[in-house]
Amino acid sequence: MELSKNYNPADIENKWYQHWLQKEYFKSQPDKREPFTVVIPPPNVTGVLHMGHTLNETVQDILIRKARMSGHNACWVPGSDHASIATEAKVVGMLKEKGIDKNNLTREEFLKYAFEWKEKYGDIIYSQLKKLGCSVDWDRTTFTMDDHYYKAVIKVFVDLYNKGLVYRGARMINWDPVAKTALSDEEVEYREVTGKLYYIKYMIVDSGQLTVGSENNSDNRQPTTDNFIIIATQRPETIMGDTAVCANPGDERYNHLKGKSVVVPLINKAVPIIFDEYVDKDFGTGILKITPAHDINDYNIGLKHNLAVVDTLNDDGTLSNAAQIYVGQDRFVARKKIVEELKGKGFLAKEEEYQTRLGFSQRTNSVAEPKISTQWFVKMKELGLPALQAVIDGDINIHPGEKFLATYKYWLENVKDWCISRQLWWGQQIPAWYDEEGRFVVAENEEKAKKIFNNQYSTNNVQLKQDEDVLDTWFSSWLWPMEVFKGISKPDNDDINYYYPTSVLVTGQDIIFFWVARMIMAGMEYKKEKPFSDVYFTGMVRDKQGRKMSKQLGNSPDLLELIDKYGADAVRFGIMISSPAGNDLLFDEASLEQGRNFNNKLWNALKLIKLWQGRQSENHTTEAILIAQMNFNPELGMMPMVLPGSLTEENFATEWFEGRLSKVQIEVDILYKQFKLSEALKTIYSLIWDDFCSWYLEWVKPGFEQPIDEHIYNKTVYFFEQLMQLLHPFMPFITEEVYHLLREQTEDLTIKQFEKSEKPNNKILQQGNILKEVITAIRDVRNKNQIKPKEKIKLHIQTRHESNYEDLEYILSKQVNAASISYTNDSIDNSLAIIVNKDKFYIETGKAINTIVQKDQLEKDLEHLKGFLISVEKKLSNERFVKNAKDEVIDLERKKKADAETKIKIIEESLSTL
RNA sequence: GGGAGCAUAGCUCAGUUGGUUUAGAGCAUCUGCCUUACAAGCAGAGGGUCCGCGGUUCGAACCCGUGUGCUCCCACCA
C-alpha cells in the first residue's frame with residue numbers, strides 16, 4: 001500500500017472514531033475492575049465549545065484513555081447544562097429576531113422554543129466532542145433538565161426545605177435589570193470603572209418646619225453657606241429614595257445638626273439627619289445619604305435606625321412611581337437628566353472623576369442593582385463545614401493545591417446564604433405552592449402540596465398556585481456527579497454504588513465557588529462522601545498577547561476550523577504542550593503547527609519502516625559486512641577497519657533504545673500521577689522525535705535498498721508500537737492508524753493494556769549518551785571546518801580506555817561519515833582534534849586543515865575549563881567546606897578537579913602541536 | 001483594605017527535601033545541507049547578573065527577610 005507524502009488527518013480521524021463507537025469501547029458497565037470515573041463539566045447549551053472547553057476535554061480524555069489502557073473500568077459521562085439564565089437570554093433574543101415577544105407567550109410555549117434551542121446546540125456541542133476524539137460513554141449522556149434530573153433537583157429542594165436549610169425571605173439581593181431576575185452573589189462580577197462623584201446640596205430645616213414638597217417657592221430657594229450640607233454620591237438618580245442622611249456622631253462639623261432634617265432636592269422631601277459610627281469622617285464630605293432600597297450598607301443602617309425603604313426603581317431598571325420624577329425612564333438616562341436639573345437649580349456643588357468598582361451581571365453584563373426582594377435561599381454555613389473538612393483533611397486533593405486551597409477555605413469560612421430563585425421560565429420550577437393569601441407549602445407536586453396545605457392550615461379544597469420562579473442553574477449542577485448515575489432520583493442503584501465517588505474532576509478555576517465547592521457540599525450532604533478524589537484546575541486560555549478570548553476581540557478561534565486545518569491530534573497536542581496545570585495558557589496557533597509537524601514526523605517514520613518490510617535478512621554477519629563495505633570509500637584507499645561481525649554491536653542500538661523506552665515509560669507514569677500532563681507529553685515527544693527518529697532509526701537504518709536484519713526490524717516495529725501506545729492518550733487517532741499500518745493487529749490500540757515496564761540498563765544508556773556526544777562533537781567539527789556532508793573522514797581515537805568504542809564503531813562511522821576508525825597512542829598530523837569525555841578524536845580529511853579555527857576552539861574550551869577548575873579548587877581549599885560537606889560531595893568535587901586537570905592537559909598538548 | 005500566586009534564554013516554561021561539571025527543554029533566531037522517511041525536514045551553533053538588595057550556610061535559582069513589578073481572588077467607604 002502506497003502511503004501519502006504527508007499525513008492527512010481528516011478521513012483517518014473520522015474512520016477511527018466511528019470504529020471505536022461501533023466496537024463500544026467507550027461504554028462502561030459496573031464490573032469487577034476498579035472504576036475510573038470522570039463526569040464532564042457540562043457545557044452550557046447556549047453555544048459552541050471554545051478553547052477553554054477544548055483544553056478541559058482534552059485533559060479529561062487523556063486521563064480517561066490512560067486509565068482505560070491501565071486496567072481500569074473507565075467511564076466518562078458526557079452531558080450539558082440547561083444554563084437557565086444564559087439560555088433564556090439567548091432564546092428571548094432569538095425570539096425577538098423572529099418578532100416574537102416572550103411576554104406574549106405562555107410558559108409552555110416558551111419552553112417549547114427553549115427545548116428546540118437545546119436540541120440544536122446540544123447536538124453541536126456533542127459533535128464537537130466527537131471530532132476532538134473524546135472517549136465518552138454516549139449512552140450515559142445527561143442533561144440537567146432530563147426528567148430524572150428535574151425530579152432529583154425538586155427532591156433535593158424539598159428535602160433541604162424540610163431540614164430547614166432552604167428558606168424564603170426578603171433580603172437585599174443582586175438584581176439583573178436586563179434579565180429581570182435575582183442573582184446569586186457569585187453571579188456578580190466587580191470591575192473597576194471610572195465613574196463620577198456628585199456633590200449635592202441638601203437644604204437644612206428644623207424638624208419643626210418640615211415642608212414636605214408642597215411649597216411652590218421651594219425650587220427657587222437657593223442654598224447659602226449656612227443653610228445646606230453637601231453630600232457626595234455616585235448615584236444621584238437614587239436621591240428620591242433617600243430616607244435619611246447620616247454623619248459620624250464624633251464629627252464636630254455636624255454636631256449642630258442633631259435633631260434637624262434636610263430636604264432632598266428636586267422632590268422636596270424632608271428626611272432626618274441621623275448619626276452612625278459607620279460613616280467615615282474623612283471620606284467625601286463626611287456625610288452620607290441613606291437610600292435603604294438601593295445599597296446594602298444603607299439597608300443595614302436603615303434597619304438599625306428604623307428607616308423606611310423607598311424603592312425608586314422598577315424591575316427593568318427604570319424609575320418607579322415612588323421616584324415621583326422621571327418615572328419610567330432608564331436609571332442611566334435619569335441620572336443625566338437629574339444631574340442637569342440639579343445643576344440648573346444650583347444644587348450641584350461639584351462633580352469629580354472617581355475610580356470605583358461596579359457589579360455587573362455575569363450573564364447579561366448589565367450593572368447589577370442591589371434590591372430588597374423576597375427570594376429563596378440556601379443556608380450555606382452548615383452545608384459548608386463537611387465540605388471544608390474534606391479538603392483540609394486531604395480527602396480531596398486539589399491540583400495545583402497550594403494555589404487554591406487558601407481561596408477555597410476562605411470562601412467556605414465566610415460563605416453567605418445562596419439566593420437560588422430566578423425570575424425565569426427555563427429551569428426547574430420551584431415546588432412551592434401558594435394560596436391567595438400568600439400562605440405556602442413546599443412539596444414535590446401539587447397533590448402532595450394540597451395535602452400538606454390542608455393539614456397545616458386546616459383548609460379544604462384550596463386553590464393552590466405554584467411558584468412562578470425557577471432555580472439557579474447551579475442548584476441543579478451541584479448534583480451532577482450523583483445524578484448522572486441517578487444517585488438522587490434512584491438512590492442506592494448499581495451505578496451510583498460503583499462509580500461514586502468519581503476519580504477526578506477537571507475544570508476551570510473560575511468556577512471553584514459556583515460549582516466545585518457546592519458539589520462537594522451536595523456530595524457530603526447526600527452521599528456522606530466526597531464527589532471526587534482529585535480536582536485538576538486548568539488555567540484560562542488566553543491569546544498569545546495574554547488577552548482573554550472574546551468575541552469582540554475576534555481572538556477566539558473556531559474549534560472545528562482548527563481541527564479542519566490541523567487535525568484533532570494536532571489541536572490536542574498544541575493545547576497540551578504548553579499548559580502547565582493551573583497556569584493560564586497563551587494560545588498560539590504555532591503550537592498546533594508543531595502538533596501537525598509531529599503527526600507528519602510519525603507518518604514519515606512509518607513510511608521508512610514500511611520500506612524495510614519484506615526486506616528482512618536473517619543473516620546478520622553477511623549483511624553487516626555488506627553494509628560496512630557500502631560505507632567504504634575506495635578513493636581513500638583504506639580497508640574498512642572493523643567488520644561489524646559481532647551481534648553485540650548490532651544490538652547496541654536496540655538495547656539502548658529499549659532502555660530509553662523503559663526509562664521514559666516509568667517517568668511518564670510518575671508524571672501522570674502528579675497530573676503533569678504537559679510534561680508527560682513533552683517527554684514522549686522528545687523520546688519519539690529525538691531518541692527514536694533522530695538517533696535510533698538512523699543507527700539501524702540499512703543502506704539504500706539494502707536488507708535489514710530481521711531481529712532489528714522486529715524490534716523496531718515493536719518499539720514503534722510501544723511508542724504509539726504511550727502517545728495514544730494524547731493523540732489517539734494517528735497512533736491508532738500507525739499501529740494498524742505497522743502490522744496486522746488483532747486488537748485496537750485504544751484498549752491495548754499497558755505492560756509493566758522493565759528497569760532500564762543504565763550502563764547502556766550511559767554508553768548511548770557518550771556515543772551521541774562523540775557524534776555531535778565530530779559533526780560540529782565537520783561543520784565548523786566546512787567539511788561537506790558527503791566528504792568522508794578517517795577517525796583516529798586516542799582513548800584512555802575508560803570508554804569502549806569497539807561496540808559502537810559501526811554506528812559511529814555511519815553517523816559521522818567515517819571511512820575508517822582506528823586507535824592510536826600518538827597525535828595524528830594534519831588532523832582536527834577534539835576531546836570528548838577525556839578521549840581524543842583525530843579527524844583526518846585528506847586535505848590541509850585550517851589550524852586557526854581549531855586553535856580558537858581549543859583555546860575557548862581551555863578558558864572555560866580553567867575557570868571551572870578555579871571554582872572547584874576554591875571550594876576544595878576552603879577548610880570549612882572540607883570539614884562540613886558530605887563525603888560524597890567532596891569526592892565528587894575532587895573528581896571534578898581531576899577531570900578538569902586531565903582535560904586541560906590534553907588540550908594544552910593539542911595546542912602545542914598546532 | 002485583606003489574601004494568594006508568580007518573576008529563570010527573544011517567547012512559553014522545567015528545575016524533585018540547598019551540593020553530578022560556572023542552569024535545562026520546546027518554540028523562535030543564526031550557519032550549513034533538496035543526504036535515497038520527512039524542507040511540515042536534516043546537521044550544528046549562538047543566546048541567561050536565575051527581578052534588585054540583604055541574610056542564613058562550607059555551599060543558594062532553591063531557605064529567610066526586604067524592596068520592585070506583574071497576575072488572580074475576596075471585601076459594604078458614599
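Bear in mind that the values here come from a model prediction, so they are computed numbers and not experimental data. Throughout, a chain's letter reflects where its sequence line sits, starting with A, and its residues are numbered from 1.
- One P atom belongs to B:rC64, the other to B:rG18, and the distance between them is 11 Å to the nearest Å.
- Between A:N769 atom CG and B:rU21 atom C1' the separation is 15 Å, expressed in whole Å.
- Look at the C1' atom in both B:rG69 and B:rG52: the space between them is 11 Å, to the nearest Å.
- A salt bridge does not link A:E893 to A:K895: none of the charged nitrogens lies less than 4.0 Å from a carboxylate oxygen.
- A cation-pi geometry, defined here as NZ or CZ lying under 6.0 Å from the six-membered ring centre and within 45° of its normal, does not hold between A:K196 and A:Y354.
- Residue A:L608 is the one, among A:L608 and A:A777, whose nearest nucleotide of RNA chain B lies closer to the 5' end (criterion: closest heavy atom).
- Using a 4.0 Å cut-off between charged side-chain N and carboxylate O, A:K838 and A:D899 make a salt bridge.
- Atom pair A:N599:CG and B:rG41:C1' shows a separation of 15 Å (rounding to whole Å applied).
- Look at A:E667 and A:K663 and you find a salt bridge, because one of the NZ, NE, NH1 or NH2 atoms lies within 4.0 Å of a carboxylate O, short of that distance.
- What separates CD of A:E237 from P of B:rA78 is a distance of 14 Å, to the nearest Å.
- Distances shorter than 4.0 Å separate some side-chain N or O of A:N597 from OP1 or OP2 on B:rG41.
- Contact check on A:E589 versus A:K565 returns a salt bridge, with a Lys/Arg side-chain nitrogen under 4.0 Å from an Asp/Glu carboxylate oxygen.
- Figure legend: A:R191 and A:F360 shown as a cation-pi pair, the cationic atom lying under 6.0 angstrom from the six-membered ring centre and within 45 degrees of its axis.
- Nucleic acid contact for A:K903: base, since at least one base atom lies under 4.0 Å from a heavy atom of the residue.
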Polar atoms only, N or O, under 3.5 Å: list the protein pairs with nucleotides 24-32 of chain B and their distances.
unit_1	atom_1	unit_2	atom_2	d
B:rG26	O2'	A:Q594	NE2	3.0

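- The CD atom of A:Q234 sits 10 Å away from the P atom of B:rC77 (whole-angstrom rounding).
- Heavy atoms of A:R782 sit nowhere under 4.0 angstrom from any nucleic acid atom.
- Residue A:T776 is in sugar-phosphate contact alone, with no base atom involved, counting any heavy-atom pair closer than 4.0 Å across all strands shown.
- With A:D569 contributing its side chain and A:I734 its backbone, the two residues share a donor-acceptor pair below 3.5 Å.
- Counting non-hydrogen atoms under 4.0 angstrom, A:C693 reaches a base of the nucleic acid.
- Taking the charged nitrogens against the carboxylate oxygens, A:K281 and A:D251 have no contact shorter than 4.0 Å, which rules out a salt bridge.
- Looking at the side chain of A:S694, the nearest of the listed nucleotides B:rA14, B:rC42, B:rA37 is B:rC42.
- Within 4.0 Å of A:S591, counting heavy atoms only, lies no atom of the nucleic acid at all.
- Contact annotation: side chain of A:K601 to base of B:rC38, donor-acceptor pair present below 3.5 Å.
- If you check every strand for non-hydrogen atoms under 4.0 Å, A:Y410 touches sugar and phosphate atoms only.
- Distances shorter than 4.0 Å separate none of the side-chain N or O atoms of A:K860 from OP1 or OP2 on B:rA45.
- Look at the P atom in both B:rU17 and B:rA75: the space between them is 35 Å, to the nearest Å.
- Out of B:rU12, B:rC38, B:rU22, the shortest distance to the side chain of A:H864 is found at B:rU22.
- A sub-4.0 Å separation between OP1 or OP2 of B:rC74 and a side-chain N or O of A:T407 is absent.
- Ion pairing between a basic and an acidic side chain is recognised when a charged N comes within 4.0 Å of a carboxylate O; A:E369 and A:R235 show such pairing.
- Residue-level contact check: A:L892 touches the backbone only, with heavy atoms under 4.0 Å from sugar-phosphate atoms and none from bases.
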Return the polar atom pairs (N/O with N/O) between nucleotides 56-60 of chain B and the protein under 3.5 Å, or none.
unit_1	atom_1	unit_2	atom_2	d
B:rC58	OP1	A:N884	ND2	3.4
B:rC58	O2'	A:N878	ND2	2.8

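- Residue contacts shown for A:T285 are absent, as no nucleic acid heavy atom lies under 4.0 Å away.
- When the P atom is compared between B:rG59 and B:rC73, the two are found 43 Å apart, to the nearest whole Å.
- In this structure the side chain of A:S871 never reaches within 4.5 angstrom of the side chain of A:K874, judged on heavy atoms.
- Remark: A:K897 engages A:E901 in a salt bridge, criterion side-chain N to carboxylate O under 4.0 Å.
- Close to B:rC77, at under 4.0 Å from its OP1 or OP2, lies no side-chain N or O of A:Y354.
- Between A:E863 and A:K866 there is no salt bridge, since no side-chain N of the basic residue sits under 4.0 Å from a carboxylate O of the acidic one.
- Using a 4.0 Å heavy-atom cutoff across all strands shown, A:Q674 reaches no nucleic acid atom at all.
- For the pair A:D690 and A:R660, the salt-bridge criterion is not met [side-chain N within less than 4.0 Å of a carboxylate O].
- Residue A:E698 places a side-chain atom within donor-acceptor reach of the base of B:rA37, judged by atom type and a 3.5 Å distance cut-off alone.
- For the pair A:R542 CZ and B:rC13 C1', the computed distance is 17 Å after rounding to whole Å.
- Taking 4.0 angstrom as the limit, A:K5 places a side-chain polar atom (N or O) nearer than this to OP1 or OP2 of B:rA39.
- When each of B:rA43, B:rA14, B:rU21 is scored by its nearest atom to the side-chain atoms of A:R779, the top-ranked nucleotide is B:rA43.
- Between A:S678 and the phosphate of B:rC13, there is no side-chain N or O to OP1/OP2 separation shorter than 4.0 Å.
- The pair A:K673-A:D669 fails the salt-bridge criterion, with no side-chain N (NZ, NE, NH1 or NH2) lying under 4.0 Å from an Asp/Glu carboxylate O.
- A gap of 12 Å separates the P atoms of B:rA25 and B:rU21, to the nearest Å.
- Atom name C1', nucleotides B:rU16 and B:rC63: the rounded distance is 16 Å, in whole Å.
- A straight line from NZ of A:K814 to C1' of B:rA43 spans 16 Å, rounded to a whole angstrom.
- Aromatic pair A:F719/A:F692: ring centres not closer than 6.0 Å.
- Comparing B:rC58 with B:rA14, their C1' atoms sit 29 Å apart, to the nearest whole Å.
- Here the C1' atom of nucleotide B:rU35 and the CG atom of A:L697 are 16 Å apart, to the nearest Å.
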Intra- and interstrand pairs of RNA chain B - dot-bracket, Watson-Crick/G-U under 3.5 Å, | marks other strand: (((((((..((((.....[....)))).(((((.......))))).....(((((..]....))))))))))))....

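- Not less than 6.0 angstrom separates the ring centroid of A:F730 from the ring centroid of A:F573.
- Note on A:D780: only backbone sugar-phosphate atoms sit closer than 4.0 angstrom, heavy atoms only; bases stay farther off.
- Mapped onto RNA chain B by nearest heavy atom, A:A605 and A:K772 fall at different nucleotides, with A:A605 at the one closer to the 5' end.
- The nearest whole Å value for the distance from the CD1 atom in A:I904 to the P atom in B:rU21 is 18 Å.
- Nucleic acid contact class of A:W689 (heavy atoms, under 4.0 Å, all strands): sugar-phosphate only.
- As rounded to the nearest Å, B:rG10 and B:rG46 have P atoms that lie 15 Å from one another.
- Residue contacts shown for A:R596 include a base, since a base heavy atom lies under 4.0 Å away.
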